Q: 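One structure follows; several queries about it will come next.
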Amino acid sequence: MQKYTCPMHPQVIKDEPGKCPLCGMKLIPLGNQNSHSQSSHHNHHAENENFNKHEGHHTGDFLRRFWVSLIITIPILLLSHMIQQWLGFNISLAGDQYLLLILGTVIYIYGGLPFLKGMIGEIKAKAIGMMTLVAIAISVAYIYSVAVVFGLKGMDFFWELATLIDIMLLGHWLEMRSQMAASKALQSLVALLPNDVTVERNGESVKIKLEDLQSGEIVIIKPGEKIPADGLVVKGLSYINESMLTGESTPVKKEKDSKVIAGSINGDGAVQVKVTAVGKDSYLNKVINLVQQAQATKSNTQNLADKVAKWLTFIAIAFGVATFIYWYSASGDMAFALERMVTVMVTACPHALGVAIPLVVAISTTLSATNGLLIRNRTAFETTRKLSTIIFDKTGTLTKGSHAVEHIIPLTMTYSSDEIIQYAAAVQQNSEHHIAKGILKKLKEKNIELWPSDNFNYMQGIGVKGIVKGKNVVAAGPNYFSENKLQLPEIPKEIDQEAETVNFVLIDNEPVGIITLADSIREGSKEAVDQLKKMNIKSFLLTGDNEKIAASVAEKLGMDGYLANVLPHNKQEKVKEFQAKGETVAMTGDGVNDAPALAQADVGIAVGSGTDVAAETADIILVDSDPRDVVKLIDFGKLTYKKMVQNLIWAVGYNVIAIPLAAGVLYPNFVLSPAMGAVLMSVSTIVVAINASLLKMKNQSNKL
């Protein structure tokens with residue numbers, strides 16, 4: 001079912017469209033369900049444009065109300081007897097108290113309306129918060145002042161009411177502007193797409209609108225142009241800048257069969273790209289939706305902040321009432337007692353607390369996404385700071401995964417080496433495994449015909465099988481023999497088992513040949529392991545490869561250990577074993593074969609370049625497949641948590657100090673006025689917003 005959320009209050013999630021009960025903003029679609037069902041980016045452009053207009057209108061409404069209220073405040077200040085006494089001037093008009101009443105009523109209704117509406121929304125949503133406190137404070141001040149005009153003994157609060165509303169409107173506008181700035185970075189991703197695109201139709205170049213682009217079409221991309229959709233290069237060579245999407249600072253070489261991502265920028269070469277994904281299926285859309293979902297989900301720290309804010313509101317109301325009772329009982333001065341109560345309630349508004357965590361969440365998830373770290377689970381992201389052990393899948397994570405065939409060795413006289421590679425390629429052609437790609441690449445290099453195959457069957461963690469030319473063909477690793485209780489053939493001495501992966505070819509249950517493939521260690525793997533050691537985090541290698549290969553890779557990287565010959569369905573058990581020892585474990589894998597282990601780990605990290613962002617079991621996705629990004633992720637997780645804690649301490653600490661001052665504990669030496677209380681509250685909110693905006697991601701190995 002489609003969900004809707006408020007861009008300013010992501011904790012509000014509804015089943016139907018409408019307005020936020022807390023601030024009145026229009027709810028926007030959450031995730032990539034019905035709102036992204038069409039296959040063009042046109043709807044996303046329009047939706048984003050409408051969202052920006054509405055968000056800008058709502059923020060502008062606060063600013064407009066502020067300026068109007070500020071203009072009305074000037075005559076209120078001039079007519080206020082207290083202000084006249086302070087500044088030593090006298091303006092006396094017949095019926096000036098009624099003029100103050102009219103001006104005060106206008107500013108209360110016009111300027112205070114957003115807070116009065118917010119209070120009603122909070123009560124309906126059973127989420128009492130700062131809007132309720134502000135509404136109560138201005139209502140008490142207004143009602144009391146009206147009563148004074150009509151005969152109640154005391155001094156009116158119209159000037160305090162006016163300045164309080166002015167400051168609250170300005171503070172709320174500044175808060176919303178800060179939150180808009182955090183979301184604009186994400187929204188700007190949509191602006192990465194061009195409006196027009198050149199396609200090849202009937203042998204001619206035709207310029208069409210982006211929304212008319214269809215999957216399967218050939219797009220012509222000239223130097224300097226933006227890539228309009230995900231696809232595969234079919235012709236040409238160029239270096240493409242993907243930094244705004246993956247965090248990879250250097251342009252990436254793209255040639256025939258290379259993947260390209262919508263929104264990236266072409267370099268000096270001209271390329272032709274076959275479109276593979278547009279609209280909701282594109283990488284860009286997936287990033288946007290993942291970030292929206294992450295920002296709308298609550299982390300443990302945010303839940304804590306919500307609880308603190310709720311209780312602080314109740315405490316502030318109780319403290320305000322107690323302050324009124326105390327001062328009225330002690331002095332008998334209704335005006336002074338009421339002033340203290342209003343000041344307590346205004347000063348205690350958990351405004352800063354309300355924005356402390358959501359603003360950090362918005363900034364961190366957006367910053368992460370634009371640096372190649374896609375956060376799907378906020379709580380897991382927070383857990384990264386506690387990690388004690390990281391388990392790495394070997395192939396494609398610590399190694400390049402680009403297996404190249406090293407040896408083709410016949411085991412019988414029946415089949416030649418070319419026939420062995422032909423049978424193996426025929427049965428492997430339906431697999432996406434690195435071994436399959438290496439074998440097919442070798443077949444292509446030899447310029448040998450690729451035979452068709454039937455009854456393809458993938459044996460997880462073991463190999464593949466099928467029927468080729470009427471024969472049962474199996475291409476599998478050593479695990480196939482142990483699983484089927486078969487005698488493992490002797491492996492020739494020329495094969496370096498510490499560096500090569502051994503794949504056996506069986507035809508009609510008879511081992512007829514061996515194909516070995518070698519995989520090289522990925523750049524950055526050693527550096528990542530070394531940095532993890534400095535962080536006192538242990539690293540272990542987990543692989544389905546044999547003991548010798550696992551030991552060799554682990555030793556070269558300086559890892560704390562390795563687990564070899566582990567089938568995919570057993571990887572989850574290995575993670576459990578570490579957790580049983582009290583370790584906080586992250587599993588890093590490809591998100592497909594490692595799915596159970598990713599789900600079991602405290603933090604599941606999926607690696608995958610380009611368009612592979614749909615790892616449903618992973619908590620966090622590393623777009624660039626660089627092991628150093630794991631270090632970057634942990635470091636950024638710590639920085640983000642530090643910002644959250646700093647904001648919580650500031651927001652709560654401010655109230656601990658300000659509430660007693662507002663209650664009058666230093667009276668008569670110091671009295672905090674309602675207006676000054678509002679100023680301090682707004683300053684607190686601004687400090688929290690500025691602190692959140694200072695969150696930055698550290699560079700790792702010149703990657704950013």
Side-chain angles (χ1 to χ4, degrees), residues 246-250 368 371-373 380-381 383-402 498-499 518-543 545 547-564 566 571 574-575 578-579 581-590 594 597-598 601-609 618-642 696-704:
T246 67
E248 177 56 57
S249 58
T250 57
S368 299
N371 283 283
L373 311 177
F381 176 57
T383 304
T384 57
R385 66 188 173 84
K386 303 177 184 176
L387 290 174
S388 60
T389 298
I390 297 185
I391 300 172
F392 288 94
D393 179 48
K394 180 181 77 71
T395 306
T397 305
L398 294 177
T399 63
K400 291 182 178 178
S402 54
E498 292 187 3
D519 189 10
S520 56
I521 292 175
R522 187 186 289 275
E523 289 179 19
S525 294
K526 181 73 167 67
E527 186 181 343
V529 172
D530 289 344
Q531 289 176 343
L532 289 172
K533 279 187 176 179
K534 291 178 182 177
M535 297 170 122
N536 294 317
I537 298 174
K538 296 184 286 291
S539 60
F540 289 86
L541 182 70
L542 186 63
T543 180
D545 277 337
E547 188 100 4
K548 290 183 178 180
I549 291 179
S552 174
V553 173
E555 186 179 349
K556 286 177 183 176
L557 296 177
M559 302 180 78
D560 293 280
Y562 64 88
L563 302 162
V566 181
K571 290 183 178 181
K574 297 299 180 184
V575 173
F578 279 101
Q579 290 173 325
K581 297 174 184 176
E583 303 285 345
T584 304
V585 182
M587 173 68 197
T588 306
D590 62 14
D594 303 310
L598 288 170
D602 298 286
V603 182
I605 304 172
V607 296
S609 60
D619 300 309
I620 297 158
I621 300 165
L622 307 183
V623 175
D624 201 31
S625 302
D626 191 320
R628 287 173 294 188
D629 283 349
V630 174
V631 179
K632 185 168 69 175
L633 171 69
I634 296 169
D635 187 66
F636 189 55
K638 289 179 179 179
L639 289 174
T640 300
Y641 184 76
K642 187 178 179 182
K696 294 288 183 288
M697 187 175 289
K698 288 183 182 179
N699 291 351
Q700 293 285 348
S701 306
N702 300 318
K703 274 184 60 55
L704 292 177

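Just so it is clear, the model here is predicted, and its values are computed rather than measured. All residue numbers refer to positions in the sequence shown, counting from 1.
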Q: Of all the heavy-atom pairs spanning V575 and A597, show the shortest one and how long it is.
A: CG2-CB, 4.0 Å
Q: Give me the one residue out of T383, D602, V603 that meets side-chain contact (heavy atoms from CB on, under 4.5 Å) with V585.
A: D602
Q: Check whether any side-chain N or O of K574 sits under 3.5 Å from a backbone N or O of V566 as a donor-acceptor pair, and report yes or no.
A: no
Q: How far does CG of D619 sit from CD1 of I605, to the nearest 0.5 angstrom?
A: 8.5 Å
Q: At what distance, to the nearest 0.5 angstrom, does CD1 of I634 lie from CG of L387?
A: 5.0 Å
Q: Working to the nearest 0.5 Å, report the span between CG of N371 and NZ of K696.
A: 11.0 Å
Q: Any salt bridge between K632 and D626, counting N to O under 4.0 Å?
A: no
Q: Give me the atom names and distance for the closest heavy-atom approach of S368 to F636.
A: OG-CE2, 3.0 Å
Q: Quick test of your reading: applying salt bridge (charged side-chain N to carboxylate O under 4.0 Å, His left out), list the pairs with at least one residue in residues 547-557, sequence neighbours left out, ordered by first then second residue.
A: none
Q: Report yes or no: does D393 contribute a side-chain atom to a donor-acceptor pair with the main-chain N or O of T588 at less than 3.5 Å?
A: no
Q: Indicate the atoms forming the closest heavy-atom contact of V631 with A528, along with that distance.
A: CG2-O, 3.6 Å
Q: List the atom of L398, the atom of S525, and the distance in Å for their closest heavy-atom pair.
A: O-OG, 2.7 Å
Q: Whether K581 engages the ring of F578 as a cation-pi pair (distance to the six-membered ring centre under 6.0 angstrom, angle to the ring normal within 45°) should be assessed.
A: yes
Q: The criterion is salt bridge (charged side-chain N to carboxylate O under 4.0 Å, His left out); which residues satisfy it with K526, sequence neighbours excluded?
A: D530
Q: What are the two closest non-hydrogen atoms of M587 and L598, and how far apart are they?
A: O-CD2, 3.2 Å
Q: Enter the distance from T640:OG1 to R385:CZ here, rounded to the nearest 0.5 Å.
A: 11.0 Å
Q: From the options L532, V529, T384, select the one residue that forms a side-chain contact (heavy atoms from CB on, under 4.5 Å) with I537.
A: L532
Q: For A564, is there any backbone N or O sitting under 3.5 Å from a side-chain donor or acceptor partner on T543?
A: no
Q: Locate the shortest heavy-atom distance separating D560 from K538; write the atom from each residue and the value.
A: OD2-CA, 3.2 Å
Q: Where do V630 and F392 land on the side-chain contact (heavy atoms from CB on, under 4.5 Å) test, with the steps shown first?
A: CA-CA 10 Å; V630 174; F392 288 94; 4.0 Å; yes
